[in-house]
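Residue numbers start from 1 in every chain, and the chains themselves are labelled A, B, ... in the order their sequence lines are given, proteins ahead of strands.
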Number of protein chains: 2
Amino acid sequence: MVRDGARPGEHKYVAVRAYLADLVTTELAVGDAIPSERSLTEKFGVSRMTVRQAIDALVTEGVLERAQGRGTFVAPPRADFEMRLTTFGEEARRRGLTPGATVLRCEQLPAPAVVAEALDRETGTPVHHVVRLRTADGNPMSVEESWIPVDLAPDLLDDGVPDSLYAALRERDLDPTWGEEVITAADATPEELEALQMQGSRAVMRTARRTFGGDAAVMYSRACYRGDRYSVFVPLREARPTLVPRARPSDGDAGRPVQPSAPPGRIPEGSPR
Amino acid sequence: MVRDGARPGEHKYVAVRAYLADLVTTELAVGDAIPSERSLTEKFGVSRMTVRQAIDALVTEGVLERAQGRGTFVAPPRADFEMRLTTFGEEARRRGLTPGATVLRCEQLPAPAVVAEALDRETGTPVHHVVRLRTADGNPMSVEESWIPVDLAPDLLDDGVPDSLYAALRERDLDPTWGEEVITAADATPEELEALQMQGSRAVMRTARRTFGGDAAVMYSRACYRGDRYSVFVPLREARPTLVPRARPSDGDAGRPVQPSAPPGRIPEGSPR
DNA sequence: CAGGAAGAGTGGTCTAGACCTCATGATGTG
DNA sequence: CACATCATGAGGTCTAGACCACTCTTCCTG
């Protein structure tokens, strides 16, 4: 149970937020009303603005919905309106499958131009290189190739290839925080057909992903999935016009790191604006 | 130019927000600081909480960034952390290509089971059915098939197939607000190979999309893109744990429409949590 | 019994301050 | 000259109210 008062040093709205979050996960169901703002005001001995700040945060997260004149309610779980930086293993487990991996290659080499560019490094920078066959319940699902700059995690592969590269990065304070992925469809190469034990169909889905921790690219990876066994679900938000800042006055840089360019390869055609 | 005062009936924070939005698009560049909160307080003759409400909105939208002790700045354009509900035409134009469409079929028929399920209707419900070949700068890019319940827009195709089905829906107050899409890779059928004038490669990317306006499904569509000319860019957010409301106490419904189920077809493997 | 009015309760907006932490640059001081 | 200190000003949190708009229920009236 969450204590009603704020711990010393903890902001009051954080305490209210925590209380509401706990309420939502343990007591309330979708559609239920939370206590009114004024009653929370009394319960916590804070002003209404503070209560609203806590509720605002949860509304922004999509956990709660306000309805003027009626109250504030637990929002229905939205299909999750964002793609997430998940790994093959996490995805498989989430679907009740047992993930597996067979290491096909594991080496350290100078980064090829394409890889170096994706990692924002110089060509030839030493990188770890791992190629794995990924399976779900023992069935081959994809061939996955990853590159990670050696200087970020020199001992990454000292104890063999870790089950999860993301987890290994997190242990080294290189938490993956965001990424970008390009998806294409293509014919499998003979090697891929062989590795994935594909019969009949030849189409595969290829992905190229850049993973970032903070402002730096920490990993570049490509995967090749069986077209007949893999699909991607993408929730789509309304295409609202976005506010675009004025162009740079003359030239000069922006004074901060600039948006990384699109991943190498063909110009993306689908999606964002 | 935006007036400094609020128009009668307009909320004050809306006026401040509009002023800042205008400032960002016409005067400031990425990294520039906006006026301090206290100076905006004087400029608009409002309290600081009101100014903060306006700034909060823009921060939530990703337009501005706060930095305690330093100021509030124009945020770098985020790679756009969401896929958007865009159409082939909008996407093509955004990339400087000229979109085109050839209508291959246009008819009204009873909804097949799969289509009906995707639209949350009974099998056999009358639907408009349109099949179009989509081109960019004259080059065939995809074959697109759409189904729309007739009762939502009886006169949709009376004047021929509109250039944009989404625009036609908007005109009828059926604004598409969100959607969900499943992407797969597959071998093209002989008909598709022919229509798309594909040579050499046979792989295509298939998409199945449900488009929703409000709570109702307004359109189901499938597309088949040339694998060698089309790719999808997907920005990925960190996989944070999400707040999950308590399960329904006993049974009964949630008192509001429930999250629509996943689109028909194979179980999605990639993406959201 | 039907319809409308009133009241209570909810979130929405807003004020005019307060004190806090943090970043930065100017000012001294060793 | 290098470093510590301090003043300034930025955003962060918080108060104790106020009035408005909206929804719903209850109760009164025709």
Chemist: For A/Gly45 and B/Ile34, find the nucleotide of DNA chain D closest to each by heavy atoms; which residue's nucleotide sits nearer the 5' end?
Modeler: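 Upstream on the strand: B/Ile34.
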
Chemist: Would you mind reading off the distance between B/Arg52 atom CZ and D/dA10 atom P, rounded to a whole angstrom?
Modeler: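 Checked: the CZ to P distance equals 14 Å.
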
Chemist: Rounded off to whole Å, could you give me the CE-to-P distance for the A/Met49 and C/dA16 pair?
Modeler: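 One finds 14 Å between P of C/dA16 and CE of A/Met49, rounded.
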
Chemist: Output the distance between atom CD1 (A/Ile55) and atom CZ (A/Arg17), rounded to the nearest 0.5 Å.
Modeler: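 Rounded to the nearest 0.5 Å, the CD1-CZ separation comes to 12.0 Å.
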
Chemist: Using the ring of each side chain (for Trp, its six-membered ring), is B/Trp178 parallel, tilted or perpendicular to B/Phe212, with breaks at 30° and 60°?
Modeler: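 Taking B/Phe212 first and then B/Trp178, their aromatic rings lie parallel (interplane angle under 30°).
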
Chemist: The side chain of B/Arg48 lies closest to which of these nucleotides: C/dG11, D/dT23, D/dG11?
Modeler: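 Output: D/dG11.
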
Chemist: In whole Å, what is the span from the CD atom of B/Glu37 to the C1' atom of D/dT13?
Modeler: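 Whole-Å distance recorded here is 11 Å.
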
Chemist: Separation of A/Glu10 atom CD from D/dC14 atom P, in whole Å?
Modeler: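 Result: 10 Å.
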
Chemist: Check whether any side-chain nitrogen or oxygen of B/Arg38 sits under 4.0 Å from OP1 or OP2 of D/dA10, and answer yes or no.
Modeler: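 It does not, given that no N or O in the side chain of B/Arg38 lies less than 4.0 Å from OP1 or OP2 of D/dA10.
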
Chemist: Select one nucleotide: of D/dT13, C/dT13, D/dT15, the one nearest the side-chain heavy atoms of B/His11.
Modeler: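 For the B/His11 side chain, the nearest candidate turns out to be C/dT13.
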
Chemist: Specify the separation, in whole Å, of atom CZ of A/Arg17 and atom P of D/dT13.
Modeler: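 Taking atom P of D/dT13 as the reference, CZ of A/Arg17 is at 13 Å.
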
Chemist: OP1 or OP2 of D/dG9 less than 4.0 angstrom from a side-chain nitrogen or oxygen of B/Ser36, does that happen here?
Modeler: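 No.
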
Chemist: A/Thr125 and A/Leu119: side-chain contact (heavy atoms from CB on, under 4.5 Å), yes or no, with the steps?
Modeler: CA-CA 10 Å; A/Thr125 302; A/Leu119 290 169; over 6 Å; no

Chemist: Could you give the CD-to-P distance, from B/Glu65 to D/dG12, as a whole number of Å?
Modeler: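 Answer to the nearest Å: 12 Å.
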
Chemist: Look at all strands and tell whether A/Ala67 reaches a base, only sugar-phosphate, or nothing, counting heavy atoms closer than 4.0 Å.
Modeler: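 Here A/Ala67 touches the backbone only, sparing every base.
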
Chemist: Does the side-chain contact (heavy atoms from CB on, under 4.5 Å) test come out yes or no for B/Val24 and B/Leu64, once each step is laid out?
Modeler: CA-CA 9 Å; B/Val24 166; B/Leu64 300 178; 4.0 Å; yes

Chemist: Taking only side-chain N and O atoms of B/Ser47, does any of them lie within less than 4.0 angstrom of OP1 or OP2 on C/dA16?
Modeler: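 So the side chain of B/Ser47 is outside the cut-off, no N or O lying under 4.0 Å from OP1 or OP2 of C/dA16.
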
Chemist: Can you measure A/Ile55 atom CD1 to D/dT13 atom P for me and round it to whole angstrom units?
Modeler: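 Computing the A/Ile55:CD1 to D/dT13:P distance gives 16 Å.
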
Chemist: Starting from P on C/dT24, measure out to CZ on B/Arg70 and report it in whole angstrom.
Modeler: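 These atoms are roughly 5 Å apart.
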
Chemist: Verify the contact: side-chain N or O of B/Thr50 to OP1 or OP2 of C/dT15, cut-off strictly under 4.0 Å; return yes or no.
Modeler: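 The answer is yes; a side-chain N or O of B/Thr50 sits under 4.0 Å from OP1 or OP2.
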
Chemist: Look at the side-chain N and O atoms of A/Arg66 and state whether any lies under 4.0 Å from the OP1 or OP2 oxygen of C/dG12.
Modeler: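 Yes.
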
Chemist: Of the listed nucleotides (C/dG12, C/dA23, D/dT13), which one gets closest to any side-chain atom of A/Tyr13?
Modeler: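 The nucleotide sitting nearest to the side chain is D/dT13.
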
Chemist: Could you grab the distance from atom OG1 of B/Thr50 to atom CD of B/Glu37, nearest 0.5 Å is fine?
Modeler: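 Spacing of OG1 (B/Thr50) from CD (B/Glu37) equals 11.5 Å.
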
Chemist: Counting side-chain heavy atoms from CB outward, which of C/dC14, D/dA21, D/dC14 is closest to A/Gln68?
Modeler: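 Looking only at heavy atoms from C-beta outward on A/Gln68, the closest nucleotide is D/dA21.
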
